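Below is one structure; the comments refer to it alone.
Just so you know, ligand 1 is whichever comes first in the structure, and atom 1 is the first atom listed for that ligand. Numbers for residues simply follow the sequence, beginning at 1. This one's a predicted model, so the numbers in the text were calculated from it and none came from an experiment.
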Amino acid sequence: MADPDLVRCDACPVTCYIKPGRAGACDRYANEDGKLVRVDPLVVLEHTIEAGEKVVPFLGRNTEWNGEIVKSPSTFVTAIGAGTTYPDYKPAPFIVSSKVDGVDTVTVVTEGIFSYCGVKVKIDTDRHLGPERNLVRVEGEPVGHVTTGEYGSQMLSLGGVNHLTHGGKKEGRVTCDALLRLCNGEAVEMVVDEGATAIIQAGKPPIINGKMEERMRVGCGSATIGMFAKQWYGKVDEVVVVDDHITGVLSEHQAGKVLGAEDTGIKIRGRKSTPGRYFHVAEPGFGWGGTNVMDPLEIVTGFDPKHAKPGLRMLMVSTTGEQHAYYELDENLRPVEKELPANLRESVDRIAENCEPALSTVLFMAGAGGSLRAGVTENPVRLTRSVRQAITRVTAGGAPVYVWPGGGITYMVDVTLLPERAFGYVPTPALVAPIEFTLKLEDYAALGGHVDHVRPVDEVLKDSALRQVRAASKGAA
Ligand code: SF4
């Protein structure tokens with residue numbers, strides 16, 4: 001190295017040479033008086049609790065230990081601020097031992113560098129964000145796509161190794177930055193090709209085309225009929241719950257039939273699936289029930305005079321109750337809009353009342369099954385098996401994760417359960433996320449763990465090199 005004042009950081013493949021008093025490219029490491037230091041303090045969850053702040057009940061601490069999986073230590077050193085070892089064959093930065101109910105346990109703590117990572121975003125809305133498979137862009141760069149819709153929610157799949165590594169340099173950088181901000185709870189504006197502009201922030205209502213979403217639908221049109229049929233029966237002759245996916249029609253629906261609803265002769269656009277359930281009554285959009293329909297009568301093609309009669313009463317309502325209209329048939333069996341009768345108002349309000357608040361949910365998903373395992377054990381596949389057998393418990397910043405079945409250690413975690421600013425990045429580009437593996441000491445030895453590097457938790461906490469212990473969390477209890 002030419003300049004002796006420079007400190008070389010080898011915590012990731014970038015290998016920055018850092019000037020005195022400055023930080024490296026990722027702002028995670030700095031040159032402090034000629035020493036390489038991790039900028040963010042190590043987060044210890046016990047201290048978070050002592051500080052009176054809210055954290056999630058991590059590791060199932062409140063449940064009885066069933067003997068199959070290691071219980072949480074009372075002082076839990078998370079990987080947030082722990083740093084990374086690179087290349088991975090070096091032992092993880094902290095391998096911490098403590099006693100849990102008299103049993104020696106070990107927590108292996110590292111900030112993983114994930115090139116294979118992304119987020120799954122669930123957006124509680126009926127509004128059409130864009131066609132499935134269409135690209136989602138941030139700053140004009142493709143960062144992901146619209147994936148299959150779920151019940152009351154639109155889903156996005158963002159990030160992933162292809163956007164991080166296969167696109168242009170800017171695509172990788174913008175993708176990494178968008179993922180980092182989403183994971184750290186910041187708002188990110190994104191645009192779907194041929195679709196909407198959305199501002200997404202984990203745990204907050206989505207803002208779609210400038211409008212904040214308030215309600216998540218009570219159910220599909222058919223489910224809404226099922227839930228409220230009794231409250232409508234006798235007060236109105238027909239109810240149509242307009243839904244982009246499954247529009248419900250009371251008089252034909254099983255719920256209406258069981259109650260004794262009579263045929264109204266209504267004819268609905270779209271494809272009849274089963275009685276009282278219609279698919280594809282319109283195109284997706286920003287109108288009623290996630291359709292492009294602004295006037296609900298567009299989906300009613302007429303009434304059969306064999307069953308319909310003048311004066312027939314009909315309520316049309318969306319799946320959130322946000323839109324509703326009441327009609328009576330005139331002499332020519334044409335619906336004429338009238339004021340909503342008071343005895344139907346309650347049912348419309350009840351639909352709205354049963355809607356949950358619309359939120360955006362961000363799940364971080366990454367693969368820890370690669371070389372990261374070598375920081376835990378010299379025989380990486382044993383760690384994977386041990387996780388699979390529930391001998392080793394995986395957490396992210398102390399938050400519980402879901403580990404996918406199958407090969408590797410591919411996990412997902414709700415980013416709102418992690419302490420604040422738990423995620424970082426390196427400019428390779430890749431995300432840095434905390435990951436901890438907790439298991440019994442004897443099991444750790446059996447899987448070929450780096451037992452020579454195990455340090456008691458008290459020693460770790462006293463180590464002045466660790467800088468201050470931060471007591472901060474944004475986790476919901
Ligand atoms: S990007 Fe960060 S972790 Fe990587 S070498 Fe530079 S300072 Fe170290």
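Here Y402 and Y411 keep their ring centres 6.0 angstrom or further from each other.
In terms of protein heavy-atom proximity, atom 4 (Fe) of ligand 1 is nearest to C12 SG, 2.3 Å. Nearest non-hydrogen protein atom to atom 2 (Fe) of ligand 1 is C26 SG, 2.2 Å. For atom 3 (S) of ligand 1, the nearest protein heavy atom (residue, atom name, distance) is R28 NH1, 3.6 Å. The protein heavy-atom contact nearest to atom 6 (Fe) of ligand 1 is C16 SG, 2.3 Å. The protein heavy atom nearest to atom 7 (S) of ligand 1 is G24 CA, 3.6 Å. Scanning all protein heavy atoms for the shortest distance to atom 8 (Fe) of ligand 1 gives C9 SG, 2.2 Å. In terms of protein heavy-atom proximity, atom 1 (S) of ligand 1 is nearest to P427 CD, 3.5 Å.
Contacts of D10 with ligand 1, taken as heavy-atom pairs under 4.0 Å, are absent altogether.
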**Request:** Give the C-alpha distance, both sets of side-chain angles, the deciding distance and a yes or no for side chain to side chain contact (heavy atoms under 4.5 Å, CB included) between S157 and K120.
**Result:** CA-CA 5 Å; S157 181; K120 306 297 174 207; 2.8 Å; yes

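With F76 as the partner, the side chain to side chain contact (heavy atoms under 4.5 Å, CB included) test is satisfied by one option alone out of T438, V43, V44, V457: T438.
At a threshold of 4.0 Å, the pair D10-K90 counts as salt-bridged, since one of the basic side-chain nitrogens sits closer than that to a carboxylate oxygen. Using a cutoff of 4.0 Å between basic side-chain nitrogens and carboxylate oxygens, E213 and R127 are scored as salt-bridged.
Contact between A352 and R215 at its shortest, heavy atoms only, is CB-NH1, 3.3 Å.
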